[in-house]
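Encoded as structure tokens, the structure appears first; notes follow it.
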Amino acid sequence: MSTHMPGLWPTLASRALGSSAYYVISPFLAIWLHSTLGMPVPVAATAVGVHLLSMRAGAVAMQFVVVRFRLRLVLVAGYVLAAAVLVVPVALGVESAAAWLAVLAVNGTAVSCANVGTKALIANGCDEHTRLRAFGQLNAAVNGGAALGPVAGGWLMSVTGRAFPLVPVAGFLVAAALAWGSPGDVRAAAPGGGRPRFGLPNRDVLLWASVMATLWVAYAQFANVLPVYVAAHVSTGVISLLFLVNAVLIVLFQALVARWTDGIARRRGDRAVVALGLVLLALSLVLFVPGQGAAWPVVFVGVAVFTFSELVWSPAADSILSKKAAGDSFTAFGFAGLIWGVAESLGGSVGTALAGDTGSDTGWYPFAGAAALCLLTAALVVAVPRLRARTRVPAVPDGAPAPAPAPVKTS
């Protein structure tokens, strides 16, 4: 049996390039909107939140789209629309905040369609023997692209000025061309079969996705808040170097960390891996706090710890979610994306507003708050199953006598 899905490499390459194109501007959007277009910091922060939320929440709409089209077309159309919608406002010289909010919402939704379409294509195009490896390769492609995009974005923003939103256009178009080489006969079935309908995942999926929203609140502090937090003290080139550290460490250590966490999962379970990732994530956020002082180089250490935390928690959290999905993974990941998108949007918007307020000393609040939330979530992830196990009443087999009541003490 083949270990590869036919046509997988162009699918992975398009996903990596699409991810890179999205993140070449995403971390710098607030800075660009404020410094180049003159938008107030709260408005720029709102725009960042809209962009993040649409990139995550668009996955829910995929339930209606993918049952009508072949997934290859969904990928191609998503990337083409993501590129086209950025060209129009730059060509017309649009500066309206409302117009840019709409543009970023459409761009994020188009990227979301391509992202979820890629997952559905792999899930439905691979068998049980090849699916796990394919998703592992997809994870590497997404992380690599998301880490490398900001490396270029920091330098390009300073030299492109008002044309900065055009930077990712070529990337999206090449991603669309590569996606055209994906398998052309793969569809996503309607939830439950039959006519397309709106379906909710089970309660366990929604609960786990809600708990894991902490991860995405914290992730926004790195991807969106940290650049704003340090922008007044370092150049955009230095900010790009922070993302370069992230990219290099992902490439060098992803396979090694995967083997290490797999050993932990076999001995202690996936939840222990998630909890470890959350603790590392909290530590990394604390190390971001010196970013506005003389000790700002410590932030590089924080980025290194953040990268290792992501390599730990990301696959483990998804693994648990897929088990809870009980086969309905498309709906599960779609709604998880919505929940995580809301969390990332709120974390990015609130964090950016606080970090960008140079007239106050609240800049470090987002990192401290997210770190505390990570530690609390880590404790819950480990403690709740143990508490449930202690309070669970053993089931009595059918036909077996009920256990005798405990004797009543009379003295």
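Using bins of under 30°, 30° to 60° and over 60° for the plane-to-plane angle, the ring pair Phe288/Phe306 lands in the tilted bin. Note on ring orientation: taking the six-membered ring where Trp is involved, the planes of Trp296 and Phe300 are tilted (angle from 30° to 60°).
In this structure, the side chains of Asn107 and Leu86 come closer than 4.5 Å at one or more pairs of heavy atoms. Counting heavy atoms from C-beta outward, Phe172 and Val111 have side chains that approach closer than 4.5 Å. Residues Leu178 and Tyr79 are not in side-chain contact: their nearest non-hydrogen atoms beyond the backbone lie 4.5 Å or more apart.
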I'd like a table of donor-acceptor pairs (distance under 3.5 Å, sequence neighbours excluded) in which one partner is a side-chain atom from residues 24-40, with atom names and distances.
unit_1, atom_1, unit_2, atom_2, d
Trp32, NE1, Gly161, O, 2.8
His34, ND1, Met39, O, 2.8
Ser35, OG, Ile31, O, 2.6
Thr36, OG1, Trp32, O, 3.4

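Here the side chain of Trp208 pairs a donor or acceptor atom with the backbone of Ala317 at under 3.5 angstrom. Put simply, the side chain of Ser19 never gets that close to the backbone of Arg15: no donor and acceptor are under 3.5 Å apart. Although no hydrogens or angles enter the test, the distance criterion places no donor-acceptor pair under 3.5 Å between the side chain of Ser20 and the main chain of Ala16. Remark: the backbone N or O of Leu52 is not paired with any side-chain donor or acceptor of Ser345 at under 3.5 angstrom. The closest donor-acceptor contact from the side chain of Asn224 to the backbone of Ser349 lies at 3.5 Å or more, if one exists at all. When atom types are taken as modelled, the side chain of Arg72 and the backbone of Pro183 share no donor-acceptor pair closer than 3.5 angstrom. Between the side chain of Ser112 and the backbone N or O of Gly108, no donor-acceptor pair lies under 3.5 Å. Ser314 places no side-chain N or O within donor-acceptor distance of the main-chain N or O of Leu311, the cut-off being under 3.5 Å. Formation of a donor-acceptor pair under 3.5 Å by the Arg271 side chain with backbone atoms of Val381 is found in this model. Judged by distance alone, with hydrogens and angles left aside, the side-chain atoms of Trp216 form no donor-acceptor pair with the main-chain N or O of Gly341 at under 3.5 Å.
Rounding to the nearest 0.5 angstrom, the gap separating the CD1 atom in Ile339 from the CE atom in Met212 is 11.5 Å.
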Next item on the list: Would you sort out whether Val312 and Ser309 count as a side-chain contact (heavy atoms from CB on, under 4.5 Å), showing the intermediate values?
Entry: CA-CA 5 Å; Val312 171; Ser309 80; 5.6 Å; no
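Counting all heavy atoms, side chain and backbone alike, Tyr229 lies closest to Val289 at OH-O, 2.5 Å. Contact between Gly347 and Ala220 at its shortest, heavy atoms only, is C-CB, 4.0 Å.
Within the 6.0 Å centre-distance limit, the rings of Phe222 and Phe243 are counted as a close aromatic pair.
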